[in-house]
Number of protein chains: 4
Amino acid sequence: MFIEIDMKSDVPIYEQLKQSVILGIAQKQLAPGEELPSVRQLAADLSVNMHTVAKAYTHLKDKGFLSIHRNRGAVVNDYRDFAADKEYLAALTHALRAFAAEALCRGVKAGEWLGVCNDAYEELSKKRRM
Amino acid sequence: MFIEIDMKSDVPIYEQLKQSVILGIAQKQLAPGEELPSVRQLAADLSVNMHTVAKAYTHLKDKGFLSIHRNRGAVVNDYRDFAADKEYLAALTHALRAFAAEALCRGVKAGEWLGVCNDAYEELSKKRRM
Amino acid sequence: MFIEIDMKSDVPIYEQLKQSVILGIAQKQLAPGEELPSVRQLAADLSVNMHTVAKAYTHLKDKGFLSIHRNRGAVVNDYRDFAADKEYLAALTHALRAFAAEALCRGVKAGEWLGVCNDAYEELSKKRRM
Amino acid sequence: MFIEIDMKSDVPIYEQLKQSVILGIAQKQLAPGEELPSVRQLAADLSVNMHTVAKAYTHLKDKGFLSIHRNRGAVVNDYRDFAADKEYLAALTHALRAFAAEALCRGVKAGEWLGVCNDAYEELSKKRRM
DNA sequence: GTGGTCTAGACCACC
DNA sequence: GTGGTCTAGACCACA
């Protein structure tokens, strides 16, 4: 499994799990209709608590990324099910403002800022095509 | 005072305070050498506990944004004191990657992504010049 | 527990705690991966407040000596995580200068000074090998 | 006057003053019998409070570095008045142990450690001969 | 007056 | 169970 957890991080494990799955979808390592490992399976693989994995899956379901079927477990949704809406874009802008503010404080110029933003996106985008 | 706190938010009060101060510096509402309200004063204004404000100030001191003088309270540092270093840029890129991943998942195109990033930066930058 | 606190000292309790832990690591009484007592436990053992211990642990985390896991408590980091960098050496030199100045004033000769410095280091180093 | 104060430092101003005077004596910029500026004078020069300067002078008197005469103000004592005694050496060793512990943790080798210690001493010693 | 430290006790998130 | 956050009130050092 491609998911790695940093137990030292101050980011909660279930958040790291969520991000890993989203990363997987972004890079098309996880395609719509694909099944994720069962809660038990993934928890065992990563040596974390079952509840932690379940929590991540539930959150992802609520966000529209996954569907949870009784028999097949967690399945990646169609892209259109979690397309960007206004609400999401507003939240994104707000979150980015905090980062932009610190960058501005630290003397990061506009070009540099956009460069970093672009790198973050392109790095994923490239892997996607592969 | 320009600082506002959302008590309902799940982001800690002291984090909101830190971001507010950084935002203030980014927009030059807070200039180097300028004194911030005393911990007691700000705590009273916002109806939060002294220690919560003190924690925010201490973190900002550790990050290099403020100096804490024994008798003058917290003072904004010179810009060069908290210039971007490699470590910061690495952390920034890493943080942005998580946002970019979700954006990519949700079908946000490269141009759109850069637009949002640019807006976040320019919005602050404009206020700065005023 | 090997940590002892002098309540009469004018150096803050949390600083004494930090030094004790660093001393423990230096002498390899605390090895990488080893768990420290929980904040509640240690606080009870030393009859100090939980928050005081927590402050010490947090500072040590920030310095890179410890990691704080959400469910295992504080764990000693790998040595390479807190290797000496330029910044540290500069701070060390500056701190030692103050001591050297007083020693020089008081007629301590160069050999004597180096002897004391060497003793301080070797004393720890010896215990380490045992 | 050669004394400089860093208002941003977390070292109390009176401690910085004490260290500056000791540094001056160590480097023989201040010789036995020499008069220091009056409390008023020095306080004005440095833009600090008179009480702060007075406190520094009093501490230095207690340590044996200065005598305070009614008419001549603060005067540097003869060297033998503040020669190293056992008590001082014990305190010095103890203080150095804390620094050595952190250095050891951070992978500083014995030679490196002695090098830094030697530098701190020699730097002052050189200025002294000039 | 300022911030720094310590204590005490509460609630919450995470696991 | 763990640590993280917040509140509350005390005392002290510094200036």
Side-chain angles (χ1 to χ4, degrees), chain A residues 5 7 9-17 43 46-56 59, chain B residues 5 7 9-17 35-44 46-59 61 66-75, chain C residues 5 7 9-17 35-44 46-59 61 66-75, chain D residues 5 7 9-17 43 46-56 59:
Chain A
I5 297 298
M7 302 299 285
S9 166
D10 53 350
V11 178
I13 294 175
Y14 77 91
E15 278 293 344
Q16 294 186 50
L17 283 174
L46 301 172
S47 310
V48 300
N49 194 296
M50 262 179 47
H51 297 86
T52 307
V53 178
K55 186 169 185 175
H59 280 212
Chain B
I5 296 300
M7 302 299 284
S9 166
D10 56 343
V11 28
I13 296 176
Y14 77 90
E15 279 292 344
Q16 295 185 47
L17 283 174
E35 293 176 21
L36 272 71
S38 78
V39 286
R40 285 174 175 79
Q41 181 67 50
L42 186 52
L46 301 173
S47 307
V48 300
N49 191 280
M50 218 186 70
H51 296 108
T52 306
V53 177
K55 187 170 185 176
Y57 279 12
T58 304
H59 280 206
K61 183 196 76 173
L66 304 180
S67 291
I68 297 188
H69 294 221
R70 36 203 89 266
N71 220 2
R72 290 178 59 203
V75 176
Chain C
I5 297 299
M7 302 299 285
S9 166
D10 56 345
V11 28
I13 295 175
Y14 77 89
E15 278 294 343
Q16 295 185 47
L17 283 174
E35 293 176 22
L36 272 70
S38 76
V39 288
R40 284 174 174 80
Q41 182 66 50
L42 185 52
L46 301 172
S47 307
V48 300
N49 190 279
M50 220 187 69
H51 296 107
T52 305
V53 177
K55 189 171 185 175
Y57 279 12
T58 304
H59 280 206
K61 183 196 75 174
L66 304 180
S67 291
I68 298 189
H69 294 222
R70 39 203 89 266
N71 220 3
R72 292 177 57 202
V75 176
Chain D
I5 297 299
M7 302 298 285
S9 167
D10 55 346
V11 179
I13 294 176
Y14 78 89
E15 278 291 344
Q16 294 186 49
L17 283 173
L46 301 172
S47 310
V48 301
N49 193 297
M50 264 178 47
H51 297 86
T52 306
V53 177
K55 187 169 184 175
H59 280 209

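Chain letters run A, B, ... following the sequence lines, proteins first, then strands; residues in each count from 1. These numbers were taken from a predicted model, which means no experiment stands behind them.
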side-chain contact (heavy atoms from CB on, under 4.5 Å) between B:K55 and B:H59, intermediate numbers included: CA-CA 6 Å; B:K55 187 170 185 176; B:H59 280 206; 4.0 Å; yes

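- Residue contacts for C:R40: at a heavy-atom cut-off of 4.0 Å it reaches a base atom on one of the strands shown.
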Identify all side-chain donor-acceptor contacts of residues 68-75 of chain B below 3.5 Å with residues at least two apart in sequence or on another chain.
from: B:R70; atom 1: NH2; to: D:S9; atom 2: O; distance (Å): 2.7
from: B:R70; atom 1: NH2; to: D:D10; atom 2: O; distance (Å): 3.2
from: B:R70; atom 1: NH2; to: D:V11; atom 2: O; distance (Å): 3.1
from: B:R72; atom 1: NE; to: B:E35; atom 2: OE2; distance (Å): 3.1
from: B:R72; atom 1: NH2; to: B:E35; atom 2: OE2; distance (Å): 3.2

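- Scored by the side chain to side chain contact (heavy atoms under 4.5 Å, CB included) test, D:T52 finds D:I13, D:Y14, D:L17, D:N49 as partners (sequence neighbours excluded).
- Taking C:S67 as the reference, C:N77 meet the side-chain hydrogen bond (donor to acceptor under 3.5 Å, both in side chains) condition, with sequence neighbours excluded.
- When each of D:I13 and C:S38 is assigned the nucleotide of DNA chain F bearing its nearest heavy atom, the one mapping closer to the 5' terminus is C:S38.
- For the pair D:Y14 and B:P12, both in contact range of DNA chain F, the more 5′-proximal nearest nucleotide belongs to B:P12.
- When each of A:N49 and B:N71 is assigned the nucleotide of DNA chain E bearing its nearest heavy atom, the one mapping closer to the 5' terminus is B:N71.
- Taken together, the paired segments of DNA chain E that extend over three or more consecutive Watson-Crick or G-U pairs, each closer than 3.5 Å at both contacts, are E:1-14 with F:1-14.
- Note that the first and last nucleotides of DNA chain F, 5' to 3', having any atom under 4.0 angstrom from a heavy atom of chain D are F:dC14 to F:dA15.
- Mapped onto DNA chain E by nearest heavy atom, C:V48 and C:R70 fall at different nucleotides, with C:V48 at the one closer to the 5' end.
- Against DNA chain E, the stretch residues 50-57 of chain B makes heavy-atom approaches under 4.0 Å through B:H51.
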